[in-house]
Amino acid sequence: MADSIALAAGAVESAVASGAGEAEATLTVVERFSVEARDREVTTLEQSTGRSLTLRVFVDGKKAMLATSDLSRDGLRKFARETVEAARHVANDPYAGLPEAQAFSGDGSALEMYAADVRERPNEAKIDDALGLEALARAYDPRIVNSGGSHVVDVVATITLANSKGFHGSYRGTQVTRDSAPIAQDGASKRVAHYGSAARGYASVEAVDSIARTAARRAVDMCGARKPQTTRCPVIFERDIAALVLSDVFSALNAANVAVGNSFLIGKGGHKIGSGLVTIFDDGRLAGGLGSAPFDSEGVPTRRTVVFRDGVLETFLYDTYYGRKLGAASTGNASSGGVGPTNFYLQAGTASLAALVESTARGVLIVDTIGFSTESVTGTYSRGARGFMIENGELSYPIDEFTIAGNVVEMLAGIDAVANDLRFDGSVVSPSFRVAEMTVSGT
Amino acid sequence: MHLDAAAFEKILTDALGAGEYADAFYERRVNRSFRLQDGKIHEAGLVVSRGVGIRALSGECTGYAYSDDLSEEALLHAARVAALIARDRAAKVSIVRIVGEPAQAHSVYDAADELSANGQSATYVDLLARADVAARAYDPRVRAVNATLSEESQEVVVATSEGRYVRDRRPLVSLAVQSVAHGAARGTGMFGDGGRTDIGYFTRRSPEEIARESARIACVNTEAIEAPAGEMEVVVGAGSGGVLLHEAVGHGLEGDFNRQGRSLYSGRVGERVASDLVTIFDDGNLAGERGSLAIDDEGTPGQHKVLVENGILRGYMQDRLNAGLMGAESTGSGRRQSFRTPPLPRMCNTYMPDGASTYDEIIASVKKGVFAKSFAGGQVEISKGDFVFMLAEGYLIEDGKLSAPIRGATLIGNGPDVMTRVVMVGNDTRFAGRSYTCGKSGQYVPVGVGMPTVKIASVTVGGSSLG
């Protein structure tokens, strides 16, 4: 720890000695273990500790940033000097600079970011987890005949931040991911499903058998899927896919996008955008949350922000720079030179996903999407999808090779049911929800 | 530790352990960039990535470790961690010998041998300012311009337990311009160019041209109407239409998916997988193209590969691991994002050569459909073969003529289905603006795509208009 602070502080000193008025350095040390298994074999085993440093420098309101894995004394000095030189070619910007001096106390232990079992669990047990995912997925159904691999990955990350205003702080966090991608033989066709979950430690991450069963069930359930007819109907987004929609909402709330005209929510602050069910938080203080941290990448304390309340857009999300530029305070969302989510989520409802399906006379349930383009300035949304046709409140048959389309603003307004299945296994998460009407394009 | 032949020999001896093969990949990559927004240079960036990735292979198993600390202790520790994978295997007699200096790969890059290490900042800034002025001057509706210029130099050295010892120095530049225009609605246009070349490229391909193309697309998109929904005839535009090949066919022909029987193209070499109008190449040797590689990240020279010839599947793209297990040769397709990740079989520059039809003939042949002029990207699920490609600029076609521009929509199809429905191929093959990056297993590498104008008899267009 003392070494890390000395290294970060040394990088700040190098930048100041080269002519930077202000500087900030972050040292990230990542210990990563990863195992992949296919069938009864361990196919890949990786273990490394990586160190990298980011340095932000400000020279008379001009900024430049360095990211380097060369932490040698000479390397750091040379590249710090080059970064300061590069900054001299940047335009002067009155908003550029470090945040006001922050008082930091404590190591964030109340946020439950560190699970000791990540380091304590023997590699053999982690390898057995991966082999277990494969074996249990295959045992689920005779149609599971192949696999894209099962993975167990864990990380211990230590972040140390120092700046020229005297801030220094450090914290550490862990993360464990288990996932599996079984393949079901469906006549001449193959159906792959991918399912996984993450948490801070082995004690809290979803169990091996549960992940294997869910992944295998998803592959088998898609057997016999057909292409639906083109129509307009209600669309239910299953939890993990709902979270991807929330990612598009986050992008539009990101002040870095708002400032350059790249958001479909520009000018909509204070307006009712979503249905009354749309209450969205960004909570950097959530105990055990994968996006939690005591302070953001500039040392500003994280906080809990109400972003949407009952459908009304309350605030965009800012770092220090874009806050100053757009006339707001930082919301503690600085993230490696930009603006990022902490734990960004839609508030859960009370009904189960099954109840949402039961209350849908005719519609589709989306369990997977493919593609990633949402028009940033208009919110036009279109994705490849697969899932199930819903008829009379029941899942009637699997469907694939179709698209769903709409507009993210209209989708937020159209959310008419939210399920109770929220869990915090990512930085952007959501319970399942239903949008009253979208276009399904198939045959 | 000074990374000479003796050092690599020591590392590889430890990494090999009881395994069959080991290699070490040294990388030093320096990327310099400037970003423009609001008409001003907003930020400068410098990224330095330096370290050694060490791999041990034993049967189907890969052991991998990397170190960004170049001390002997750290590198040998990484070598021994990589070797763990092979510990239960029967040892093969193997003595690692690395001698002399690494052989310099024959360059396929369009750049000066020694990239300027420094002092180009004024040039970068000037190019960005010119792009900004040109985009705004194109049309008063252009309200915001964001642009990024980057230049990179990647030095690699590959040493293997079989005695291969080679080096390469890879340049890469890109200028990407995004314009936002305000008209009937807001529209964005994104366009980029560059390649495995140096900053001098932009004296031949002016930043003004690149910026104006971005501004033009943004202005078109202010007038765009909702895209239609349903199956229809689709004409895929020359250039970035190559995204279709990359997704519908390319990924499914990567060696790992085929060795493992996960691809819908597994075991189908020699079979018909597309209409007889379809020929697809992947090439690592195209001068200056974004996906070109003199040697891949395992030290194998880049190659020209015939993937599909007149509709018949001819071969896969292989890295060392998968080629070895399938009894084939590597095709120079082993690529990795950085020293932190093991290589995977990947595409380089994937393209379709000229056919016989003209662009005009193709458009004129469509009664009612969509012209997908350019694409923002795509994605594929390789087991069943369903893939999507996302429109960046598109138009309705009515009675053989282009009509209204349409909003960004996703098109979806199944690889072999769609390739069998290719009914016309244009004589206007060209490469897309050099700006595409391909993601696989979390690893991102630069690639090229090329395509003539192509007509597909039926594809599902994912708009929201049922009109």
Side-chain angles (χ1 to χ4, degrees), chain A residues 38 41-48 50-52 63-71 75 79 82-83 85-87 89-91 93 146 148 183 189-192 227 230 232 260-262 370-373 375-378 380 382-384 400-407 438-439 441-443, chain B residues 32 34 37 40-51 60-68 78 81 84-85 118 121-122 125 143-144 146 180 185-188 229-231 260-262 264 340 342 376-377 379 381 383-384 386 388 390 407-410 412 414 460-464 466:
Chain A
R38 283 189 73 245
E41 291 266 17
V42 174
T43 45
T44 310
L45 198 57
E46 295 179 58
Q47 186 162 24
S48 297
R51 300 195 305 167
S52 58
K63 69 176 164 180
M65 187 162 164
L66 164 70
T68 180
S69 69
D70 178 355
L71 304 185
F79 290 118
E82 196 185 318
T83 306
E85 283 310 309
H89 294 271
V90 171
D93 186 334
N146 200 343
I183 298 173
S189 193
K190 300 182 181 84
R191 303 277 176 182
V192 65
K227 195 167 182 164
T230 300
R232 287 183 68 82
V260 297
N262 236 340
I370 176 170
F372 43 81
S373 73
E375 276 190 358
S376 55
V377 294
T378 61
T380 302
S382 173
R383 291 285 187 288
D400 70 351
E401 211 191 321
F402 63 100
T403 62
I404 48 172
N407 179 286
M438 293 180 69
T439 302
S441 180
T443 61
Chain B
R32 297 179 174 84
F34 281 88
Q37 69 180 49
K40 291 184 297 202
I41 302 299
H42 176 69
E43 191 173 19
L46 176 61
V47 178
V48 180
S49 172
R50 190 202 61 167
E60 288 188 48
C61 306
T62 298
Y64 198 82
Y66 71 83
S67 179
D68 44 48
V81 170
L84 282 178
I85 189 86
N118 208 341
S121 296
V125 163
R143 298 289 179 82
N146 303 300
V180 180
R186 288 180 182 185
T188 52
E231 288 182 333
Q260 296 169 350
R262 290 158 60 187
L264 78 167
R340 296 183 180 86
Q379 196 177 336
E381 183 280 280
S383 291
K384 177 162 179 279
D386 289 355
V388 293
M390 285 84 81
R407 294 225 152 275
T410 296
I412 190 163
N414 181 268
T460 297
V461 177
S464 55
L466 297 187

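Convention: sequence-line order gives letters A, B, ...; per-chain numbering from 1.
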Is B/Tyr66 close to chain A through its backbone or its side chain, or both, or neither, when contacts mean heavy atoms under 4.5 Å? both
Does some side-chain heavy atom of A/Glu375 sit less than 4.5 Å from a side-chain heavy atom of B/Arg186? no
Heavy-atom pairs under 4.5 Å with chain A, option from B/Asn146, B/Val180, B/Thr62 with the top count: B/Thr62
Assess whether side chain to side chain contact (heavy atoms under 4.5 Å, CB included) is satisfied between A/Glu41 and B/Cys61, documenting all intermediate values. CA-CA 8 Å; A/Glu41 291 266 17; B/Cys61 306; 3.9 Å; yes
Evaluate B/Thr460 against A/Phe402 for side chain to side chain contact (heavy atoms under 4.5 Å, CB included), listing each step before the verdict. CA-CA 7 Å; B/Thr460 297; A/Phe402 63 100; 5.7 Å; no
Identify the heavy atoms of A/Ser441 and B/Gly230 that sit nearest to each other, and give their distance. OG-N, 2.6 Å
For B/Arg340, is it the side chain, the backbone, both or neither that has a heavy atom under 4.5 Å from a heavy atom of chain A? both
Check this for me: B/Arg50, atom CZ, are more than 12 non-hydrogen atoms of other residues, nucleotides or ligands nearer than 6.0 Å? yes
According to side-chain hydrogen bond (donor to acceptor under 3.5 Å, both in side chains), who are the partners of B/Asn414, at least two apart in sequence or on a separate chain? B/Asp386
Interface residue of largest heavy-atom contact number with chain B, from A/Arg191, A/Lys190, A/Arg232, under 4.5 Å: A/Lys190
With rounding to the nearest 0.5 Å, note down the distance linking CG in B/Leu264 to OG in A/Ser189. 8.0 Å
What part of B/Val81 gets within 4.5 angstrom of chain A, counting heavy atoms only: side chain, backbone, both, or neither? side chain
Taking C-beta and beyond as the side chain, do A/Glu82 and B/Leu46 meet within less than 4.5 Å on heavy atoms? yes
Rounded to the nearest 0.5 Å, how far apart are CD1 of B/Ile412 and CD1 of A/Ile370? 6.0 Å
What part of B/Glu43 lies closer than 4.5 angstrom to a heavy atom of chain A: side chain, backbone, both or neither? both
Does the side chain to side chain contact (heavy atoms under 4.5 Å, CB included) test come out yes or no for A/Val192 and B/Glu381, once each step is laid out? CA-CA 8 Å; A/Val192 65; B/Glu381 183 280 280; 3.0 Å; yes
Contact leader toward chain B among A/Thr43, A/Leu71, A/Ile183, where contacts are heavy-atom pairs under 4.5 Å: A/Thr43
Ion pair present between B/Lys40 and A/Asp93, side-chain N to carboxylate O less than 4.0 angstrom? no
If you tally heavy-atom pairs under 4.5 Å against chain B, which of A/Gly261, A/Gly371, A/Gly406, A/Gly384 wins? A/Gly371
Distance from A/Glu401 atom CD to B/Glu231 atom CD, nearest 0.5 Å? 8.0 Å
Would you name the heavy atoms of B/Gln260 and A/Asn146 that are closest together and state the gap between them? O-ND2, 2.8 Å
ring-ring contact (aromatic ring centres under 6.0 Å, His included) partners of B/His42, counting only residues at least two apart: A/Tyr321
Short side-chain to backbone donor-acceptor contact, A/Thr230 and B/Ala229, under 3.5 Å: no
At a 4.5 Å cut-off on heavy atoms, which part of B/Ala78 comes close to chain A: side chain, backbone, both, or neither? neither
Please test A/Asn262 against B/Thr188 for side chain to side chain contact (heavy atoms under 4.5 Å, CB included), starting from the C-alpha separation and ending with a verdict. CA-CA 8 Å; A/Asn262 236 340; B/Thr188 52; 4.1 Å; yes
